[in-house]
Amino acid sequence: MGIFSKIKAGLTKTKEALMYKVDKLFTGGALDDDFYDELEMILISSDVGAEAAEEILDRLKAYVAKNHIRTTDKVRDGLKQILKDILLEYPNPTLHFPVVITIVGVNGVGKTTAVGKLAHRFIERKKSVTIAAADTFRAAAADQLTVWADRAGARIVKHAEGADPGAVVYDAIASAKAKKTDVLLVDTAGRLHNKKNLMDELSKINRIVDREYPDATKVNFIVLDATTGQNAIAQVEVFNEACDIDGIILTKLDGTAKGGVVLAIVKQLNVPVVFIGVGEGIDDLQIFEAEQFVDALMG
């Protein structure tokens, strides 16, 4: 299955929830206040979010006025382009090698799996990868990550459970530099029950990376579970206090009708969605392409 086909298949639930209602609305009726009110409700019910929905409607009204459109069946192309424009406002960060990618997120969102799939993705593209198992808090986290590292063909640096995460990152950087590794992926703990500890730990990891590997590109990606919808936004806000979030990895997009949260995330947080998970396979983590996403969603 090609990349576009995977994305299209992964968005099936969202498309069914959103586009059935949109198609019913865009039947050639009058462009009146009732039309816009109903479209806003459809967008919000698909987890696009109130802020993004308001922006979409404002832009759509401007498009309608500019093009002298009178009936609803003529606005579909405009809506499609507006969605693309919003998603393209915040482009993915450019990765220059060597790069250190720190992966953050709460437990249960598929963080460790995302690290493994990212490792596979880079190795498939002829980049060498080292993984730092810096989640030393969760039982068997390093063991789970080792399985993914073996599947992907990546090297892994790990310490005993309960060890200092900063020490793991320090050793992983030394190893990556010695081996001239292209990509260092840092898996971190996902606990949120003690926010201060989380802040301190992530801040320490970032300081170590800055100090020990100044020549590397440094980015922080947060993993979010698409099935949580609007709740995902609050998670970004918490982690953004601990480390500047450069991009989002949105997992489980194939298991939800809440794919509209992509628009809410980008609009409210000014952070791009970098990768999306559209399946369980090791190669089912895809680069997020705004145009492909909207085309798959709206057909």
Side-chain angles (χ1 to χ4, degrees), residues 10-11 13-14 47 49 101-121 131-152 154 156 158 161-163 165 168-169 185-202 205 219-243 245-262 264-265 268-269 271 273-286 288:
L11 285 170
K13 289 185 179 179
T14 297
D47 274 75
I101 303 175
T102 301
I103 307 295
V104 303
V106 300
N107 288 329
V109 295
K111 186 160 51 68
T112 301
T113 302
V115 172
K117 290 180 178 182
L118 267 182
H120 171 76
R121 184 176 183 85
I131 297 173
D135 181 358
T136 59
F137 180 77
R138 184 168 61 88
D143 293 339
Q144 182 187 359
L145 197 57
T146 300
V147 172
W148 277 104
D150 290 344
R151 286 183 67 188
I156 186 167
K158 57 185 177 180
E161 186 179 320
V168 178
V169 173
L185 297 173
V186 180
D187 186 26
T188 62
R191 61 190 187 277
L192 276 181
H193 69 273
N194 187 322
K195 198 164 126 180
K196 184 179 185 307
N197 282 0
L198 173 76
M199 302 286 185
D200 292 346
E201 187 175 292
L202 292 178
I205 287 172
V219 293
N220 299 312
F221 290 162
I222 186 169
V223 180
L224 301 176
D225 181 340
T227 64
T228 62
Q230 290 285 305
N231 290 335
I233 292 171
Q235 292 173 23
V236 179
E237 290 171 342
V238 170
F239 278 95
N240 215 12
E241 292 178 38
C243 61
I245 299 298
D246 299 297
I248 290 160
I249 300 173
L250 195 62
T251 65
K252 307 178 188 177
L253 198 59
D254 57 315
T256 182
K258 298 180 178 182
V261 75
V262 170
I265 287 168
Q268 287 182 234
L269 302 170
V271 177
V273 175
V274 182
F275 294 98
I276 53 174
V278 290
E280 297 297 324
I282 196 168
D283 59 348
D284 286 334
L285 190 70
Q286 305 293 339
F288 178 77

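Since we're looking at a predicted model, the values are computed, not measured. For reference, positions follow the sequence shown, starting with 1.
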Minimum-distance pair of heavy atoms, taken over all atoms of [X] and [Y]:
X	Y	answer
Ile131	Ala154	CD1-CB, 4.0 Å
Thr136	Ala163	OG1-O, 2.6 Å
Ile103	Lys111	CG2-CG, 3.6 Å
Asn220	Cys243	ND2-CB, 3.8 Å
Gly110	Thr251	O-CG2, 4.5 Å
Gly281	Asp284	N-OD2, 2.8 Å

Applying side-chain hydrogen bond (donor to acceptor under 3.5 Å, both in side chains), name anything that partners Thr102, two or more places apart in sequence or on another chain.
none
Name all residues meeting the side-chain hydrogen bond (donor to acceptor under 3.5 Å, both in side chains) criterion together with Asp225; count only those two or more places apart in sequence or in a different chain, and write none if there are none.
Thr227, Lys252
Does the side chain of [X] reach to within under 4.5 Å of the side chain of [Y], using non-hydrogen atoms?
X	Y	answer
Leu224	Val109	no
Ile156	Trp148	no
Val271	Ile222	no
Thr188	Ile205	yes
Phe275	Arg121	yes
Val223	Thr113	no
Ile249	Leu118	yes

Atom pair [atom1] ([X]) and [atom2] ([Y]), whose distance is rounded to the nearest 0.5 Å:
X	Y	atom1	atom2	value
Asp143	Thr112	CG	OG1	11.0 Å
Ile233	Asn240	CD1	CG	12.5 Å
Ile265	Gln235	CD1	CD	9.5 Å
Asp187	Lys158	CG	NZ	12.5 Å

Pairing residues for Phe288 by the ring-ring contact (aromatic ring centres under 6.0 Å, His included) criterion, not counting sequence neighbours
Phe293
All salt bridge (Lys or Arg N to Asp or Glu O under 4.0 Å) counterparts of [X], not counting sequence neighbours:
X	value
Lys117	none
Glu237	none
Arg138	Asp135

